[in-house]
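Letters A, B, ... are given to chains in the order of the sequence lines, protein chains preceding strands, and every chain is numbered from 1. Side-chain atoms are counted along with the backbone in the values below, which use heavy atoms only and exclude waters and symmetry mates.
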Number of protein chains: 2
Amino acid sequence: MATVGRMAGVSQVTVSRALSDPSKVSQETLKKIRDAIDATGFVPNAIAGALASQKSMLVSVLVPSITNITYTSMISPFNAVMRENGYEVLLSETGFDLEDEEKLIAAHLSRRPDAMLLTGIRHTGAARRALLGASIPIVEVWDVTETPIDQCVGFSHSEAGRAVADFVIDSGYERAGSVSAGDERALRRKTAFAERFARRSGTDVAEVNFEAQASLANGRAGLAELIDQQGFKNGVIFCSSDILALGIMVEARARGLSVPEDVAVIGFGDQDFAAHTDPAITTVRVDREALGREAAKAMLKRFSGQTPLQPFTDIGFEIVRRKSC
Amino acid sequence: MATVGRMAGVSQVTVSRALSDPSKVSQETLKKIRDAIDATGFVPNAIAGALASQKSMLVSVLVPSITNITYTSMISPFNAVMRENGYEVLLSETGFDLEDEEKLIAAHLSRRPDAMLLTGIRHTGAARRALLGASIPIVEVWDVTETPIDQCVGFSHSEAGRAVADFVIDSGYERAGSVSAGDERALRRKTAFAERFARRSGTDVAEVNFEAQASLANGRAGLAELIDQQGFKNGVIFCSSDILALGIMVEARARGLSVPEDVAVIGFGDQDFAAHTDPAITTVRVDREALGREAAKAMLKRFSGQTPLQPFTDIGFEIVRRKSC
DNA sequence: TTGTACGCGTTATCAT
DNA sequence: ATGATAACGCGTACAA
């Protein structure tokens, strides 16, 4: 800036002002400064700016996995809104591991983000303390609790599971199975589903759970295990993800079973293919884009000094009836 | 650090040393410092560190889309390798727009990343100049050229297209179509495929191109258009993505057509579902994880002062024959 | 509208 | 093994 200023015949501060608030600088000097910037190829140093202003204009985001559309489809609109407001996003993946999350939180906090977005409401004690100590806005997403660290926006996974149980029972199904994969939240949906279904129908739910992330292959393997090992038939299967549901449909067809007549399926997530498979997949829709935008809004409001009436935002979910169940 | 030092009875500098190179500090003072850090909850300020050392330990990554597995599956291992080496990743999406990429490059450069990863080899002139001016390692991925800005690691999309043409002709197909979606690279594959196929078979390739990103719905619509508008039948369809191929298989089945007998399909990407559909999808595999790791290695080598013999790394591709073609 | 002086929290250099 | 001091490049008073 000093160099640019020298070329333009002004001081360093004036250059700084020209960049941060052009209205505070006269038209002529502004032009001289712009010319000098073009001539030198000057690129402002945001690091120095952050150190001086104590604002990094950086928000950090931690998700379990960046290859999973469930999370990236929230993050993408979140990013967009934040960028419109001048913030950049530092994104890392925790790999579904709370200890790793703790380390990442420390690493991110070192960079003095102006706020932080976390996936889920479970964190280690040390992580929680570090977060509190940072005294910046924290938004936890993809789950809700009445006692977030700061704010949260998401939905109740248990309620979703119960709603699916009610839905399938009201649809007349008397037997049910479940195929789950991935994270702890999928398990919570499954557990709530199984409890409610068993209570209302008097029949236990046959379960298959995978540690690994959801995949079409896991869906196929899940149906195979349900049928071959657990003698499952003539019922509905609740999957923790649409891709598992698709896998079940593929496996069913390969076995000459028809969906939904022989095996009915209900997925989760309403991914973009769910409406276009044959039969189309009945599923639970969560508006992940809206969730990302809401999270960004919550953060921005905090930046402008506002405190929300409630510390949590429940964006809910919706069961979309299609043809697979 | 000054506060921590006071508690431990040493100066600020010693605290800095204890953190950056503990071997330069005696055992006793090290312990005192660590206790003081625990007591105060001190979190080092990486911004100040970056300003002083002129090293941000940050690398920036620009991809067209973070919701697209094609890119995230490269970025994930890239991240992992970089983090093991102490670097954090600043990730943004360009939305397939070169102008937006240019703006993002400027924004990222402001944060003084130690290196930058770009997707693709096409950039605006201004972007190219800014990149050169930053004089940091630049790695362009997902494509190859003999004249990268700095280094590149990827594969030739044209060659891939031609290889697919040769593959299907050698497999005996006499008619071909293509369904493409998404980015410019997909179009290059398609064009090379069509040229080679037409030249060897004497028959033109029926084409459907979507501006939007690949989806199952687009795959279905693509086959519908090929059949209904262009009278396509009894041939093979080259898709720019496995999800399009799956869409074509779904649409074919819905029309009572069997794959590969009535319509054969070859995808691209070898996504994890491709091997598990029924029939399994014949596709072009690119080792995206290896690509990400290679990109990280290339960057790290540059950090340690090494200059590669070649400015480009061609990681190639492989046609995986399964049942859909 | 513009400039001076100082501080942000580290690392690097040179002493001791 | 430890400390004093000077950058690093900007923003924020405050003054002119």
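Residue A:Gln54 places no side-chain N or O under 4.0 Å from the OP1 or OP2 atom of D:dC10. Residue B:Ser53 places no side-chain N or O under 4.0 Å from the OP1 or OP2 atom of C:dA12. Within the 4.0 Å cut-off from OP1 or OP2 of D:dG11, at least one side-chain nitrogen or oxygen of A:Ser16 is found. Between A:Thr29 and C:dT1, a side-chain N or O to OP1/OP2 separation shorter than 4.0 Å is absent.
Contact check on B:Glu294 versus B:Lys297 returns a salt bridge, with a Lys/Arg side-chain nitrogen under 4.0 Å from an Asp/Glu carboxylate oxygen. In summary, A:Asp38 and A:Arg34 do not engage in a salt bridge, as defined by a charged side-chain N under 4.0 Å from a carboxylate O. The pair B:Arg188-B:Glu184 meets the salt-bridge criterion, since a charged nitrogen lies less than 4.0 angstrom from a carboxylate oxygen.
Nearest-nucleotide assignment on DNA chain D puts the 5′-proximal partner with B:Gln12, out of A:Ala50 and B:Gln12. With DNA chain D read from its 5' end, the first of the two nearest nucleotides for B:Val25 and B:Arg112 is the one closest to B:Val25.
Evaluated for a side-chain contact (heavy atoms from CB on, under 4.5 Å) with A:Leu117, the options A:Met74, A:Met82, A:Met299 yield exactly one hit, A:Met299.
Here the C1' atom of nucleotide D:dG11 and the NZ atom of A:Lys24 are 10 Å apart, to the nearest Å. For B:Leu19 and C:dA12, the CG to C1' distance is 16 Å, given to the nearest whole Å. At whole-Å resolution of the value, CE in A:Met1 and C1' in C:dG3 are 15 Å apart. Put simply, CZ on B:Arg6 is 12 Å from P on C:dG9, counting in whole angstrom units. Rounded to an integer number of Å, the gap from CD1 of B:Ile47 to P of D:dG11 is 13 Å. Atom pair B:Asn45:CG and C:dG7:P shows a separation of 18 Å (rounding to whole Å applied). Here the C1' atom of nucleotide D:dG11 and the CG atom of A:Leu51 are 10 Å apart, to the nearest Å. The distance from atom CD of B:Glu28 to atom C1' of D:dT2 is 13 Å, rounded to the nearest whole Å.
The nucleotide whose nearest atom lies closest to any side-chain atom of A:Ala48 is, among C:dT10, C:dT1, D:dC10, D:dC10. Picking from C:dT10, D:dC10, D:dG3 the nucleotide with the shortest atom distance to the side chain of B:Thr14 gives D:dG3. Side-chain atoms of B:Ala52 lie closest to C:dT10 of the nucleotides C:dG3, C:dT10, D:dG3.
Evaluation of atom-type donor-acceptor distances gives a pair under 3.5 Å for the side chain of B:Arg17 against the base of D:dG3.
Summarising the local packing, CZ of A:Arg83 is surrounded by more than 12 heavy atoms from other residues, nucleotides or ligands at distances under 6.0 Å.
With rounding to the nearest 0.5 Å, the separation of CD in B:Gln310 from CD in B:Glu146 is 8.0 Å.
Between B:Phe155 and B:Asp314, the shortest heavy-atom contact is CA-OD1, 3.5 Å.
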Evaluate the criterion side-chain hydrogen bond (donor to acceptor under 3.5 Å, both in side chains) for residue pair B:Asn79 and A:Glu93; output intermediate values, then yes/no.
CA-CA 9 Å; B:Asn79 275 4; A:Glu93 49 183 350; 4.9 Å; no

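Relative to the axis of its first five pairs, the axis of the last five pairs of the helix from C:dT1-D:dA16 to C:dT16-D:dA1 sits at 30°, rounded to 10 degrees.
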